[in-house]
Amino acid sequence: MVTERFNASDIRARKGRGRLACLTAYDMPMAKCVDQHCDIVLVGDSLAMVVYGLETTRGVTLDIMIAHGQAVMRGTERACVVVDLPHGSYETSPAQAVISAKRVFDETGCQAVKLEGGEEMAETVAVIVAAGIPVLGHIGLLPQKAEHRGGFKIQGKDDEGAAQVCRDARAIEDAGAFAIVIEGTVEVVARTVTEQSGVPMIGIGASPACDGQILVTQDMVGLFADFTPKFVKRYGDAGKMIAEAVGNYADEVRNGQFPTLDHCFGVKKTKD
Ligand code: KIV
């Protein structure tokens, strides 16, 4: 089933019109699996941990994100593909951010970029949007900055924290983001921000009241089982399935059951 690809404006127009289902993908095969089911496919910098085995999301470069963005674009034809701007590629100045966003946008053909940050990143978001590149915001818990904020801490726990999340959402919306990811935030705060905002709020560890939800696909299908955060629901055990298939293959190679002559070239097929 092929329909026209969703763009950022289509996603923006979904505010208040049913929930958005969003997942990550980092390569072509996974992109093909999620494309027909998801509104947004995010090439998240979570790939640093999930694919490259790094301890934080900070170890990936713009070139790495672009290569994965290109692979995901080849595997999708329907979803709005968003590529993360990695740590170090956009924080120095709005000018640096535009150069990075343009590279990602032009070299992958994706529909939008995502960057982390609230009020302090509003000008940067506005400048990228003014350059014609749609931006998905990301507020609340910011994995790229977690190291400097005392770890992966839930946001909005006290009055000042809640007010800050609300200010961040407002600033990023006013800067022109077409939607905003809200991560690791107290439920009532995420719900309030969703009610108050004019763009879709996409939750992860936030609230069922958000306009959409996003998870890391590998977490959700059981391919990254080292650690399962509270906000993840497991919908499958792909890791176990792959391990069983690999085990069966190895057994059959060792006991001579694979390959048979049917898997070889230049051998006439024997009649049963
Ligand atoms: O990098 C990522 O996968 C993300 C999502 C978890 C929202 O930013």
Side-chain angles (χ1 to χ4, degrees), residues 11 19-27 30-31 34 38-62 64-69 71-72 79-91 100-101 104 108 110-118 121 125 135-147 149 152-155 165 168-169 172 177-185 190 193-194 199-207 210-221 223-224 226-234:
I11 301 296
R19 298 205 169 91
L20 295 157
C22 315
L23 282 172
T24 60
Y26 315 120
D27 56 31
M30 190 64 90
V34 300
C38 290
D39 302 293
I40 294 177
V41 173
L42 172 68
V43 187
D45 60 358
S46 49
L47 70 83
M49 301 168 77
V50 173
V51 174
Y52 290 98
L54 298 169
E55 291 212 339
T56 73
T57 60
R58 293 167 69 115
V60 281
T61 62
L62 202 58
I64 290 176
M65 294 308 298
I66 288 170
H68 285 275
V72 169
C80 174
V81 173
V82 180
V83 179
D84 257 339
L85 293 184
H87 168 72
S89 73
Y90 64 96
E91 305 90 331
S100 298
V104 170
T108 66
C110 69
Q111 281 62 58
V113 298
K114 174 166 84 60
L115 61 87
E116 293 184 9
M121 280 296 150
V125 170
V135 175
L136 176 63
H138 186 153
I139 63 167
L141 192 157
L142 306 177
Q144 290 178 5
K145 296 175 179 80
E147 229 173 279
R149 292 183 172 182
F152 286 76
K153 293 236 165 78
I154 299 307
Q155 302 295 299
V165 176
D168 289 340
I172 296 303
F178 70 90
I180 303 172
V181 169
I182 180 163
E183 177 165 1
T185 298
V193 165
T194 301
V199 295
M201 297 298 303
I202 299 167
I204 172 164
S207 167
C210 288
D211 303 295
Q213 300 294 327
I214 187 162
L215 285 176
V216 169
T217 304
Q218 271 77 357
D219 288 340
M220 190 273 278
V221 300
L223 266 179
F224 185 71
D226 300 5
F227 166 69
T228 306
K230 175 184 163 74
F231 56 79
V232 171
K233 179 172 174 183
R234 278 272 201 98

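For ligands, and for the atoms within them, numbers begin at 1 and follow the listed sequence. All residue numbers refer to positions in the sequence shown, counting from 1.
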Engineer: Hey, what do you get for CZ (F231) to CG (L141), rounding to the nearest 0.5 Å?
Structural biologist: 8.0 Å

Engineer: Please round to the nearest 0.5 Å and tell me the distance separating atom CE of M220 and atom NZ of K233.
Structural biologist: 11.0 Å

Engineer: Distance from I40 atom CD1 to Q213 atom CD, nearest 0.5 Å?
Structural biologist: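 That separation rounds to 12.0 Å.
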
Engineer: May I have the N/O to N/O pairs between ligand 1 and the protein that fall below 3.5 Å, each with atom names and distance to one decimal?
Structural biologist:
unit_1: ligand 1; atom_1: 1 (O); unit_2: D45; atom_2: N; d: 3.1
unit_1: ligand 1; atom_1: 1 (O); unit_2: D45; atom_2: OD1; d: 3.0
unit_1: ligand 1; atom_1: 1 (O); unit_2: S46; atom_2: N; d: 3.0
unit_1: ligand 1; atom_1: 1 (O); unit_2: S46; atom_2: OG; d: 3.3
unit_1: ligand 1; atom_1: 1 (O); unit_2: D84; atom_2: OD2; d: 3.2
unit_1: ligand 1; atom_1: 3 (O); unit_2: S46; atom_2: OG; d: 2.5
unit_1: ligand 1; atom_1: 8 (O); unit_2: K114; atom_2: NZ; d: 2.9

Engineer: How long is the gap from CG on L42 to CG on L47, to the nearest 0.5 Å?
Structural biologist: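 L42 atom CG to L47 atom CG measures 9.5 Å (nearest 0.5 Å).
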
Engineer: At what distance, to the nearest 0.5 angstrom, does CG of D45 lie from OH of Y26?
Structural biologist: 8.5 Å

Engineer: Taking the side chain as every heavy atom from C-beta outward, state whether I64 and Y52 have any atom pair closer than 4.5 Å.
Structural biologist: yes

